[in-house]
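I have placed the structure first, in the form of structure tokens, so that the comments after it can refer back to it.
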Amino acid sequence: MVITYLLIIAMTATMIIWYTTHSMSDYLISQKKRDVLTQANVISGYVSQYQDLNTQTISYLLQQQQISSSSRVIMVNADAEIIYDSMSESSLAGKVMLKQLVLDALSGNNATQSEYSDEGELIVSAAVPITLEKSVTGAILLQSSAASINEYTSKMTKTIISLAILVAVLSAALALFLSGVITKPITRLTRSVVLMSENDTEEKLELSHGGEIGDLVESFNKLIDKLQLQEQKRQEFVSNASHELKTPLSSIKLISDSLIQNPDTPRETELEFLNDMNVQVDRLSRIIDKLLTLTRMDDSAAVSRMEFTVMDISELTENVVKALRPLAESKNIKLTYDADIGVFSRIEKDRLWEAIYNVLDNSIKYTPEGGSVKMTVERDEKCAVITVADTGIGMATSEIYKIFDRFYRVDKARSRETGGTGLGLSIAMTAVELHGGNIQVESREGAGSRFKITIPITLK
């Protein structure tokens with residue numbers, strides 16, 4: 001983190017230094033060009049007042065202008081021939097000057113430029129025409145040293161670099177401090193997580209830190225709660241499933257041992273034992289089938305492959321009633337059915353059929369002979385409402401919140417008599433929730449139960 005901060009600061013400082021120095025240099029050079037051009041125009045104005053000029057006259061006029069010793073004045077005639085050069089040691093007098101800015105001046109235009117001499121000194125030049133009666137009779141070339149600009153720019157660059165280094169050092173120290181503040185809680189959190197995984201502990205993290213780190217710790221503790229709950233449910237599920245599977249297996253084992261140890265068992269007794277074994281095998285098959293159903297509905301990949309279609313729920317419920325009517329008649333239970341037509345919803349037919357079947361089957365099984373069970377299908381504003389009401393044994397209020405837990409049964413002895421597995425209502429709830437609905441239960445001991453299933457409808 002510190003290295004990243006330093007790289008960002010270094011890149012930013014480099015860009016700022018480059019931009020500042022170049023902008024400052026460009027500005028000072030442009031100011032210098034303007035000053036040199038102004039001075040060249042003044043010289044041109046003085047010179048243009050004299051028709052006949054000689055070297056002495058020109059020198060006298062330039063002395064009046066107080067030209068800096070670091071400046072050089074060159075005068076050319078209309079043919080670009082140098083008629084005066086203030087630099088006597090290396091005078092170019094008598095030679096022809098074909099520099100572009102001189103030619104531009106002879107064309108009647110002002111011209112400026114900046115360039116470095118062979119010695120590496122920055123020179124600013126300005127060329128202006130000399131006019132007499134609106135005719136260009138020559139040109140003035142004024143060259144001035146701009147070494148001070150380079151010196152000033154160099155000093156400013158050094159000052160900016162020094163400030164940048166100071167800022168970088170302070171920023172690095174601040175970054176180091178902040179990285180410690182930020183990463184220390186994360187390091188402690190990571191260490192706690194590692195210790196938790198190594199020691200297989202279930203204790204929550206306790207880090208006295210607010211802000212985002214505190215939110216992270218709180219989220220992690222919530223995750224621990226969920227994992228603990230899931231692990232508890234998993235252990236209960238495995239324990240219950242093992243118990244449910246072991247019971248019929250124990251019965252089958254006991255019966256088979258009896259047959260093996262008593263080879264002279266009468267045929268009638270053998271058939272009775274075999275029939276009991278067949279009942280237990282059927283029970284095992286039901287448990288396994290329901291466990292597979294729950295597993296498929298718990299698998300998100302399997303759920304994504306399910307085919308949902310829009311259909312009339314009343315058709316589905318009518319088929320459920322037809323399938324369970326023989327069971328109701330065998331117990332002398334009055335099963336009534338009333339449904340609104342045209343209640344459409346987007347459903348997975350097999351899953352929802354099994355959910356409604358399990359609820360109705362549960363009501364019939366727990367209703368004594370001579371009782372009644374009624375199923376209705378109604379259309380609400382946004383939902384299809386499937387109600388199953390019975391006159392069965394009912395249940396205590398404290399039991400209502402548990403009946404959808406896997407393998408939970410209010411009356412275990414009665415459930416085994418009726419062949420129950422404790423998975424039917426759990427499958428029903430999972431399937432209904434899969435469709436975006438829910439199941440509500442109202443019940444009283446000895447006064448029956450009322451299940452209310454709501455499924456979102458689809459306009460058609």
Side-chain angles (χ1 to χ4, degrees), residues 18 20-158:
W18 180 88
T20 303
T21 54
H22 278 72
S23 298
M24 185 182 301
S25 178
D26 291 343
Y27 173 76
L28 293 175
I29 290 174
S30 66
Q31 288 292 105
K32 184 69 174 180
K33 285 181 179 178
R34 189 179 297 111
D35 295 340
V36 173
L37 181 61
T38 301
Q39 195 168 24
N41 274 302
V42 172
I43 295 172
S44 174
Y46 271 99
V47 172
S48 63
Q49 296 177 11
Y50 299 87
Q51 295 183 359
D52 296 324
L53 292 172
N54 53 41
T55 303
Q56 292 180 350
T57 304
I58 295 173
S59 297
Y60 173 77
L61 292 175
L62 293 179
Q63 289 177 3
Q64 298 298 316
Q65 294 298 314
Q66 297 180 352
I67 302 300
S68 172
S69 60
S70 62
S71 298
R72 183 178 187 178
V73 180
I74 296 176
M75 182 183 296
V76 300
N77 59 21
D79 296 325
E81 181 182 351
I82 298 175
I83 60 177
Y84 176 79
D85 187 350
S86 64
M87 192 70 68
S88 57
E89 294 82 1
S90 56
S91 177
L92 299 176
K95 297 182 179 180
V96 176
M97 180 168 283
L98 299 178
K99 284 191 173 184
Q100 184 60 47
L101 75 166
V102 173
L103 298 178
D104 290 341
L106 292 176
S107 299
N109 300 315
N110 295 336
T112 61
Q113 75 173 23
S114 60
E115 60 183 350
Y116 286 91
S117 65
D118 295 337
E119 292 78 18
E121 183 181 6
L122 178 62
I123 304 296
V124 175
S125 304
V128 298
I130 301 173
T131 58
L132 181 63
E133 296 180 357
K134 299 182 178 181
S135 297
V136 177
T137 60
I140 294 293
L141 173 64
L142 178 59
Q143 296 177 327
S144 180
S145 174
S148 60
I149 294 177
N150 283 342
E151 293 175 2
Y152 180 77
T153 304
S154 178
K155 289 180 179 178
M156 288 299 298
T157 302
K158 291 178 180 178

So which of Ile130, Leu142, Ile82, Leu141 actually passes side-chain contact (heavy atoms from CB on, under 4.5 Å) with Met75? Ile130
Between Leu122 and Ser114, the two heavy atoms sitting closest are CD1-CB, 4.3 Å
Looking at residues at least two apart in the chain, or sitting in another chain, which of them share a side chain to side chain contact (heavy atoms under 4.5 Å, CB included) with Ala93? Ser91
Is a side-chain donor-acceptor pair under 3.5 Å present for Glu121 with Ser145? yes
Between side-chain atoms of residues 97-109 and protein atoms elsewhere (two or more places apart, or another chain), which donor-acceptor pairs fall under 3.5 Å?
{"from": "Gln100", "atom 1": "NE2", "to": "Asp104", "atom 2": "OD1", "distance (Å)": "2.9"}
{"from": "Ser107", "atom 1": "OG", "to": "Leu103", "atom 2": "O", "distance (Å)": "2.9"}

So CD1 of Ile149 and OG of Ser154: to nearest 0.5 Å the spacing works out to 13.5 Å
Provide the closest heavy-atom pair for Pro129 versus Asn110 in the form atom of the first, atom of the second, distance. CD-OD1, 3.4 Å
Heavy-atom closest pair (Ser125 atom, Gln143 atom, distance to 0.1 Å) is OG-CG, 3.3 Å
Compare all side-chain heavy atoms of Met156 with those of Met24 and state whether any distance is below 4.5 angstrom. yes
Where do Val73 and Ile43 land on the side chain to side chain contact (heavy atoms under 4.5 Å, CB included) test, with the steps shown first? CA-CA 9 Å; Val73 180; Ile43 295 172; 4.2 Å; yes
Val96 versus Asp79, closest heavy-atom pair with distance: CG1-O, 4.2 Å
With sequence neighbours left out, which residue pairs that include part of residues 25-42 fulfil the salt bridge (charged side-chain N to carboxylate O under 4.0 Å, His left out) condition? none
How long is the span from the OG1 atom in Thr153 to the NZ atom in Lys158, to the nearest 0.5 Å? 12.0 Å
Tell me, with the steps shown, if Val128 and Gln39 meet side chain to side chain contact (heavy atoms under 4.5 Å, CB included). CA-CA 10 Å; Val128 298; Gln39 195 168 24; over 6 Å; no
Minimum-distance pair of heavy atoms, taken over all atoms of Leu28 and Tyr152: CD1-CD2, 3.5 Å
Has Ser23 got a side-chain atom pairing as donor or acceptor with Thr20's backbone, closer than 3.5 angstrom? no
Using every non-hydrogen atom in the two residues, find where Ile83 and Asn77 come nearest and quote the distance to one decimal. CG2-ND2, 3.9 Å
